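Here the structure is a predicted model, which is why all the values come from computation and not from measurement. No hydrogens, no waters, no symmetry mates; every other heavy atom, side chains included, goes into these values. For ligands, and for the atoms within them, numbers begin at 1 and follow the listed sequence.
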Amino acid sequence: MRITETFNGNWTFRYGFEPAYVHVLQTGETVRLPHSAVELPYNYFDETDYQKPFTYQKVFDWRPDFEGREVSLIFDAAMADSVVYLNGEEIVAHKDGYTPFEARLTPHLKRGQNLITVKIDGSENPEIPPFGGQIDYLCYAGIYRDVWLKVTSPVSIANVKIETPDALAEQKTVTARVFFANPRALANSGTLDAKIRRRGGGDVAATSVEVDGNEATLTFTDLTGIDLWNIDDPVLYALSLKLSTEHGDDVLTQRFGFRTALFTPDGFLLNGKPLKLRGLNRHQAWPHTGYAMGRRAQEKDADILKYELACNIVRTSHYPQSNWFIERCDEIGLLCFEEIPGWQHIGGEAWQKESIENVRRMIERDWNHPSIVIWGVRINESQDSHAFYAETNRLARALDATRQTGGVRFITNSELLEDVYTMNDFILGNEELPGNNRGRVVLRDRVETTGITRPIPYMITEYNGHMYPTKRFDQEQRQAEHVTRHLLILDAVAGDGNISGSTGWCMFDYNTHKDFGAGDRICYHGVLDMYRIPKFAAYAYASQGDPKDGVVLQPVTFWARGERNMGGVLPLIVLTNCDYVDVTFGEWPAKRIYPDRETYPHLPHAPVVLDLRNVTPEEFGTWGRVWREGTFTGYVDGKAVKTVTLPADPVPARLEVAPDDTKLRAAEKDAVRVVVRVLDQCGNLLPYFEEPVTLSLVGPGRIIGPADHTLKGGATGFWIEAGDEAGTLDLTVTSRRFETQTVTFIIN
Ligand code: GAL
């Protein structure tokens with residue numbers, strides 16, 4: 001049977017590459033994958049540090065179970081321009097930094113020891129997408145995803161495309177096109193057995209077909225009792241395949257779901273029912289390790305989007321992201337807009353050829369994921385290019401007729417070759433655009449922007465971002481404006497039945513090239529910071545969720561007399577999904593304030609806004625008076641469900657050290673986030689507490705990044721990475737003004 005094992009441990013890594021390296025194991029650092037060739041500082045670094053060649057090597061022994069079989073390595077991704085050598089001979093080269101590739105070892109394997117060498121070239125080769133122009137993100141070098149050893153029979157199952165053509169019918173059908181790998185071009189005949197199982201449940205159906213050649217088609221009909229995949233109940237099924245031929249057996253299991261997804265001129269339909277898409281763009285980046293984070297961190301991002309930010313869609317800007325992330329989207333019911341690598345620039349012929357191959361690789365990798373509802377087949381924000389995009393669209397449709405295509409642009413009157421017009425709409429705040437009255441127009445007019453008068457499916461794929469960069473520790477007035485801009489757009493999108501939905505720019509702050517960002521190599525465009533710690537704008541999204549999934553009550557204020565221009569806290573936005581909020585200011589009687597439906601008529605949950613319509617400056621404003629405690633109590637169905645108290649005299653009361661989990665897995669580079677916050681006597685973050693904290697870790701693991709942190713806006717974050725051995729890790733956080741905190745992690 002097939003062997004699939006991780007091949008991540010015990011690589012030797014060194015800077016640079018020389019042709020002679022491929023023959024002999026060089027000295028270097030022993031590393032485990034996923035690996036970042038260069039770990040950068042948090043900010044103010046030189047991104048050219050990783051734009052160079054690196055060498056990864058690994059020695060492994062021939063095993064008896066290789067005998068007569070096919071042996072290969074699957075690289076989930078490596079950035080970029082990888083060349084793989086086995087025992088000195090080049091066996092495969094792969095330019096794309098975001099899609100998997102297979103290195104077939106079979107013909108060059110020796111009995112005894114074998115040497116794998118991988119040359120990675122992190123320089124921004126203008127022949128490879130996304131390189132050749134400026135890019136507002138970093139493409140960190142390294143073998144930054146998992147590598148797998150695969151051992152199969154000489155003929156094996158290479159891939160399968162599963163379709164559910166009548167998912168909404170009472171009796172359902174599944175078809176599967178199964179592709180075989182047959183590198184030795186052997187005569188291939190035998191049997192393919194297939195079984196559908198419900199995830200966490202029993203068998204649903206089984207069938208088998210005779211195989212003759214390198215492809216087979218399976219059909220299951222009249223399936224009953226099947227549940228649809230939905231965002232609230234993401235039921236998954238698995239198709240298990242077994243190929244039996246005279247050359248041996250092989251197996252492959254793929255997950256899938258039953259659902260339909262359609263962008264129409266009247267909005268998006270999931271399983272035939274309207275769903276307003278509300279989401280954010282996500283890069284796959286972390287401080288220090290760049291792209292190189294494994295399963296847990298990838299999954300956590302999906303969980304944050306779904307459970308903390310109440311999003312129902314994510315755009316994987318601007319490239320195919322980790323399998324771990326997309327599988328998690330399947331599991332939790334988070335829709336996904338996936339796109340090919342690129343940023344504004346279209347290169348020459350070779351570049352475009354590579355980009356077209358990116359379409360193929362992206363779709364062939366991900367076509368069975370129910371979470372993916374659209375393929376982005378344009379270089380993000382590029383100019384029109386008829387022949388190129390006619391081909392990316394043709395190929396996408398030929399490979400997968402079940403999903404629509406989109407192509408993200410910011411230009412107007414662009415040629416629509418895709419099924420869905422996907423537009424980055426940066427009009428809000430743009431005073432230069434004609435007709436935009438002081439930058440307060442919220443969305444562009446669809447017909448004017450597209451130049452297309454007939455109804456078309458339309459989605460907004462970005463907004464805000466560079467139009468209003470905002471740091472988590474910016475003055476509250478700026479943050480309130482940041483919040484307002486997100487709310488205004490969410491409201492306008494919610495109110496327009498012709499817009500399928502939107503994905504804002506963006507989920508979290510990210511490191512970037514010198515040509516972008518705040519000069520420190522960070523684009524502060526997130527609703528979360530790089531540690532995924534929320535800014536106020538995060539609650540603009542979170543508060544759109546149903547209160548039964550979590551009550552949100554977040555006043556957009558640091559609650560101080562003199563933080564804002566002129567003093568006071570008005571107007572004060574309270575982001576909430578409560579029905580109304582009772583507010584007190586000191587001993588003044590409570591005021592009941594209802595959501596501001598006048599300003600935000602369409603939002604599922606409009607914020608409560610305290611301003612001169614409902615309170616007086618005497619109560620909450622004016623310089624030179626006693627500052628008082630504020631309380632906010634939210635009500636749902638007549639019941640008080642949450643109270644937030646903002647003290648008049650906040651003092652540092654507690655250093656909170658909050659790990660996402662304390663159980664880690666050994667030998668996986670399993671990394672868990674820890675957030676450190678300084679809280680006042682009522683549990684609120686102290687937004688200007690900026691003293692240092694020192695971390696230390698004892699046990700088989702490491703702190704990713706430095707051990708000394710200066711709190712930024714009262715908080716910081718870091719990741720603890722488990723080493724190869726089981727045991728315990730003791731994390732200590734010391735600071736000047738608080739007792740030392742310790743957290744113990746168990747590694748199994
Ligand atoms: C867009 C681009 C994004 C990001 C964003 C910042 O133009 O697609 O990658 O740079 O601007 O607002």
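Residue-level contacts of ligand 1 at the 4.0 Å heavy-atom threshold are Asp136, His318, Trp343, Asn380, Glu381, Asn424, Phe426, Glu462, Gly465, His466, Trp505, Tyr510, His525.
Counting heavy atoms of neighbouring residues, nucleotides and ligands inside a 6.0 Å radius, atom NZ of Lys712 exceeds 12 of them.
Side-chain rings of Phe536 and His482 stay apart, their centers remaining 6.0 Å or farther from each other. Aromatic pair His318/Tyr137: ring centres closer than 6.0 Å. Between Tyr688 and Phe558, the distance separating the two ring centers is shorter than 6.0 angstrom.
In this structure, Arg361 pairs ionically with Glu354, as a charged nitrogen and a carboxylate oxygen lie closer than 4.0 Å. Under a 4.0 Å N-O distance rule, the pair Glu338/Arg403 does not qualify as a salt bridge.
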